[in-house]
Novice: 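Structure provided below as structure tokens; questions to follow.
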Amino acid sequence: MCGITGWASFRPPLHDEVRTRATVIEAMTAALTPRGPDAGGVWLGQHAAIGHRRLAVIDPTGGAQPMADRPDEPTAVLGYSGEVYNHHELRAELSGRGHVFRTRSDTEVVLRAYAEWGEDMADHLEGMFAFAVWDERAGRLLLVRDRLGVKPLFWAPVEGGLAFASEPKALFAHPEIRPRVDADGLREAYSLLFNTGPTVWSGVREVEPGGLLVLDRGGIRERRYWQLAARAHGDGREETVERVRELVDGAARGQLEADVPLCSLLSGGIDSTVLTALLADELRLREGPDARIRSYAVDYSDQAERFTGDVLRTGHDTPYAIEAGGFIGTDHSTVVLDPRSLLEPEHRRAVVAARDSPIGVGDMDTSLYLLFGEIRRHSTVAVSGEAADEVFGGYPWFHRPAALAADTFPWLLVTGDEAAMPLNPELGLGIAEFRDDTYRAALAAVPHLDDETPAEHRQREMQHLSLTRWLRQLLHRKDRLSMAQGLEVRVPYCDHRLVEYAFNTPWSLKSFDGREKSLLRAAATGLAPDSVLHRPKNHYPATHHPAYNRGLQDLAREALATERVRALADETRLKPCLDTPPDRLEWGHRLRLERVVDLALWLDHHQPELAL
């Protein structure tokens with residue numbers, strides 16, 4: 001995994017700008033060093049520049065970037081981040097079409113695919129990726145992002161063109177782009193609707209998942225090369241279960257390739273257990289019966305004694321993770337964190353700096369960041385069960401009548417006003433109206449079949465909203481916090497073929513046993529212990545230690561003592577969260593405090609211009 005950045009501009013550079021332009025691209029690239037700690041490079045042409053930071057995973061000696069098709073006189077230059085899992089098949093096809101390869105990297109496959117198919121190359125790639133190609137002969141910049149948006153890609157206008165980067169922080173190293181936030185940005189961030197395109201930063205946008213952007217002298221053109229479509233499902237229950245097993249199996253096994261140590265995130269839930277079992281089996285096939293995959297889980301030193309269920313958590317993960325690891329035969333480790341370490345300023349600042357956003361989930365972000373740091377000591381690649389709930393209908397909102405009947409985004413019933421940091425009403429952001437308008441537009445984008453029943457119609461809406469919005473912030477979180485530690489995380493449940501098949505499987509099949517994730521449970525027979533297969537849905541763990549709650553309240557008071565935070569936050573609505581005894585602080589109110597603290601850190605670190 002890597003970080004990319006650069007720009008293309010058709011404004012002729014002045015003679016005295018040459019050295020400045022080199023300094024700028026080097027600074028933009030350096031801002032992404034945590035994403036690529038192994039190596040860095042830049043390419044600078046008359047109208048374009050590309051910078052790259054590398055985390056070497058495949059072909060460490062041959063995959064250096066930026067990569068040019070012809071080193072002496074390049075006609076195309078690539079900056080690429082991600083993994084293309086079908087690169088061996090594409091290499092064979094392209095070789096048959098006359099292309100000659102110098103390396104065994106998937107990077108060069110992407111570069112040769114551009115030479116063969118141009119922007120239509122995106123249709124041929126399977127994996128998680130974000131990349132930029134500068135076509136020197138055509139005078140054209142192409143930006144491409146993977147179908148589900150696993151890998152981030154941001155852009156902003158500059159004079160005569162645009163700049164791009166894996167993270168906004170690299171854009172802010174460009175002299176024409178400043179960290180500016182206006183009312184629209186705050187509305188995007190704190191509405192918790194997870195739109196694709198706009199960001200909290202004024203003028204900074206994302207390339208759409210499954211989208212591409214072309215810049216040439218005629219301007220900017222954007223289009224989607226992939227999106228979810230409604231198709232009839234003709235398979236019965238047995239055929240559907242078998243097809244799901246095949247798709248999950250293929251996605252997991254296809255993502256094992258790496259020239260560096262690889263591990264699995266094993267929480268003790270069905271999603272991660274299934275993937276770990278398939279990876280472990282594939283590893284034994286490749287390396288012998290004694291091969292063991294490493295697996296990791298996170299816990300808190302107080303969890304066994306203090307676990308308390310809440311709106312998101314039904315049980316303690318660690319015993320299930322240990323049982324699953326023993327059942328599969330992994331080399332399992334539990335990373336145990338002291339809850340007080342989650343309050344340490346250096347950790348929280350690192351998390352907010354990684355996110356480039358004030359919106360996160362507090363202690364859960366910090367603990368994930370620390371977990372990834374521990375994993376990185378032994379592994380460079382980790383496989384995660386992200387997206388299984390969206391794909392197979394695992395969230396409560398798929399099953400509760402009140403959520404299905406609600407005229408709003410379903411997660412707002414859990415994470416809405418109770419969990420959102422209340423903003424100063426004098427800002428006049430109109431978040432309620434913004435949510436209503438966005439919800440109508442989101443429903444209008446959902447594809448349907450003509451013969452759907454009302455129940456199937458609604459479930460298709462719920463899954464589309466979950467896959468195109470809720471999943472977006474989970475993938476952002478996983479990418480930013482892992483890459484801040486120089487760790488690549490792969491997400492097999494985001495395989496677009498699996499997503500397409502499950503999206504078009506009727507809800508009656510997704511819930512045939514009356515529970516969540518019926519299809520995955522049926523397909524996982526023999527891959528996990530029964531206790532894990534039949535365990536209720538559980539979310540990422542959080543600490544329940546009163547000392548953490550007390551420390552969080554203290555940090556929130558310190559944050560509210562600053563003028564900039566008071567200008568944005570509604571102190572009146574935050575007062576009950578501050579006055580509640582630490583051992584009685586509810587999850588939603590605690591998350592409000594987490595966001596106040598993160599807001600203060602974000603303002604301090606990024607020093608944004610507030611144009612309100």
Side-chain angles (χ1 to χ4, degrees), residues 1-2 4 55-60 62-63 65 67 69 76 78-133 142-151 153 209-212 224-228 243-260 262 275 278-279 281-283 285-286 381 383-384 386-387 391 475 488-502:
M1 200 58 57
C2 307
I4 63 170
L55 178 65
V57 172
I58 295 177
D59 192 8
Q65 296 187 52
M67 183 177 285
D69 58 346
L78 170 69
Y80 162 71
S81 169
E83 304 291 345
V84 170
Y85 301 122
N86 65 331
H87 69 99
H88 293 296
E89 295 87 344
L90 287 175
R91 180 184 294 267
E93 180 177 355
L94 291 165
S95 295
R97 293 170 177 258
H99 293 269
V100 178
F101 289 84
R102 304 189 304 268
T103 75
R104 60 182 184 84
S105 68
D106 59 334
T107 303
E108 189 177 6
V109 172
V110 174
L111 183 60
R112 304 298 173 190
Y114 176 78
E116 181 65 31
W117 296 301
E119 68 181 62
D120 291 336
M121 67 185 290
D123 298 317
H124 297 262
L125 306 179
E126 298 172 5
M128 57 178 191
F129 47 81
F131 60 84
V133 180
L142 171 66
L143 303 179
V144 181
R145 192 175 180 198
D146 67 71
R147 294 168 178 83
L148 272 294
V150 180
K151 291 291 102 184
L153 186 54
L212 59 81
R224 299 286 294 275
Y225 67 89
W226 180 89
Q227 55 189 320
L228 288 168
R243 182 58 178 152
V244 166
R245 174 71 176 246
E246 292 174 357
L247 288 168
V248 173
D249 185 274
R253 294 176 190 271
Q255 297 189 21
L256 185 63
E257 181 181 6
D259 294 330
V260 292
L262 179 145
L275 293 182
L278 294 170
L279 289 167
D281 183 64
E282 182 66 17
L283 188 65
L285 288 174
R286 296 185 186 187
V381 177
V383 179
S384 171
E386 216 76 64
V391 171
L475 293 175
E488 174 182 305
V489 175
R490 299 177 180 177
V491 282
Y493 290 117
C494 286
D495 182 282
H496 73 279
R497 293 157 299 187
L498 171 62
V499 172
E500 289 172 343
Y501 187 78

Novice: Looking at every non-hydrogen atom in both residues, tell me the closest pair between Cys2 and Ser81 and how far apart they are.
Specialist: O-OG, 3.0 Å

Novice: Would Tyr225 and Val144 satisfy side chain to side chain contact (heavy atoms under 4.5 Å, CB included), going step by step from the backbone distance to the final call?
Specialist: CA-CA 9 Å; Tyr225 67 89; Val144 181; 4.0 Å; yes

Novice: Using side-chain heavy atoms (C-beta onward) and a distance below 4.5 Å, is Arg104 in contact with Arg91?
Specialist: yes

Novice: Could you pull out the closest heavy-atom pair between Glu119 and Leu212, with the gap in Å?
Specialist: O-CD2, 3.8 Å

Novice: Just jot down the salt bridge (charged side-chain N to carboxylate O under 4.0 Å, His left out) partners of Glu500, sequence neighbours excluded, or say none.
Specialist: none

Novice: Just jot down the ring pair (Phe, Tyr, Trp, His ring centres under 6.0 Å) partners of Tyr80, sequence neighbours excluded, or say none.
Specialist: none

Novice: Are the side chains of Leu125 and Phe131 in contact, using a 4.5 Å heavy-atom criterion?
Specialist: yes

Novice: Would Arg286 and Leu256 count as a side chain to side chain contact (heavy atoms under 4.5 Å, CB included) here? Give the steps.
Specialist: CA-CA 10 Å; Arg286 296 185 186 187; Leu256 185 63; 3.9 Å; yes

Novice: Within the 4.5 Å heavy-atom criterion, are Val381 and Glu83 side-chain neighbours or not?
Specialist: no

Novice: If the condition is side-chain hydrogen bond (donor to acceptor under 3.5 Å, both in side chains), which residues does Glu386 pass it with, not counting sequence neighbours?
Specialist: Lys478

Novice: According to ring pair (Phe, Tyr, Trp, His ring centres under 6.0 Å), who are the partners of Tyr85, at least two apart in sequence or on a separate chain?
Specialist: none

Novice: Got a sec, which residues hit ring pair (Phe, Tyr, Trp, His ring centres under 6.0 Å) with His99, two or more places apart in sequence or on another chain?
Specialist: none

Novice: Can you name the residues that form a side-chain hydrogen bond (donor to acceptor under 3.5 Å, both in side chains) with Arg112, not counting sequence neighbours?
Specialist: Glu108

Novice: Looking at CG of Leu279 and CG of Leu262, how far apart are the two atoms once the value is rounded to the nearest 0.5 Å?
Specialist: 6.5 Å

Novice: Shortest non-hydrogen contact from Ala252 to Leu275?
Specialist: CB-CD2, 3.9 Å

Novice: Give the C-alpha distance, both sets of side-chain angles, the deciding distance and a yes or no for side chain to side chain donor-acceptor pair (under 3.5 Å) between Glu116 and His124.
Specialist: CA-CA 11 Å; Glu116 181 65 31; His124 297 262; over 6 Å; no

Novice: Among residues at least two apart in sequence or on other chains, which ones pass salt bridge (charged side-chain N to carboxylate O under 4.0 Å, His left out) with Glu89?
Specialist: none

Novice: Evaluate the side-chain proximity of Glu488 to Val260: yes if any heavy-atom separation is below 4.5 Å, no if none is.
Specialist: no

Novice: Report yes if the side chains of Val109 and Val84 come closer than 4.5 Å at any heavy-atom pair, otherwise no.
Specialist: no

Novice: Taking all atoms of both residues into account, what is the closest heavy-atom pair of Leu475 and Cys494, and its distance?
Specialist: CD2-SG, 4.1 Å

Novice: Is the closest side-chain heavy-atom distance between Tyr114 and Leu78 below 4.5 Å?
Specialist: no

Novice: So, using side chain to side chain contact (heavy atoms under 4.5 Å, CB included) as the criterion, who are the partners of Arg253 when residues are at least two apart?
Specialist: Asp249, Leu278, Asp281, Glu282, Leu285

Novice: Leu148 and Trp226: side chain to side chain contact (heavy atoms under 4.5 Å, CB included), yes or no, with the steps?
Specialist: CA-CA 9 Å; Leu148 272 294; Trp226 180 89; 3.9 Å; yes

Novice: To the nearest 0.5 Å, what is the distance between CG on Asn86 and CG on Leu90?
Specialist: 4.0 Å

Novice: For the residue pair Met67 and Ser105, what are the closest heavy atoms and their distance?
Specialist: CE-OG, 3.9 Å

Novice: Does Asp69 have any salt bridge (charged side-chain N to carboxylate O under 4.0 Å, His left out) partners at least two apart in sequence or in another chain, and if so, which?
Specialist: none

Novice: On a heavy-atom basis, which atom in Ile4 and which in Ala132 lie closest, and how many Å separate them?
Specialist: CD1-N, 4.0 Å

Novice: By side chain to side chain contact (heavy atoms under 4.5 Å, CB included), which residues pair with Arg243, not counting sequence neighbours?
Specialist: Glu246, Leu247, Tyr501

Novice: Within the structure provided, determine whether Thr107 and Asp59 are in side-chain contact (heavy-atom separation under 4.5 Å).
Specialist: no

Novice: Sequence neighbours left out, what passes salt bridge (charged side-chain N to carboxylate O under 4.0 Å, His left out) with Glu126? Give chain and number order.
Specialist: Arg497

Novice: Could you pull out all residues at least two apart from His496 that satisfy side-chain hydrogen bond (donor to acceptor under 3.5 Å, both in side chains)?
Specialist: none

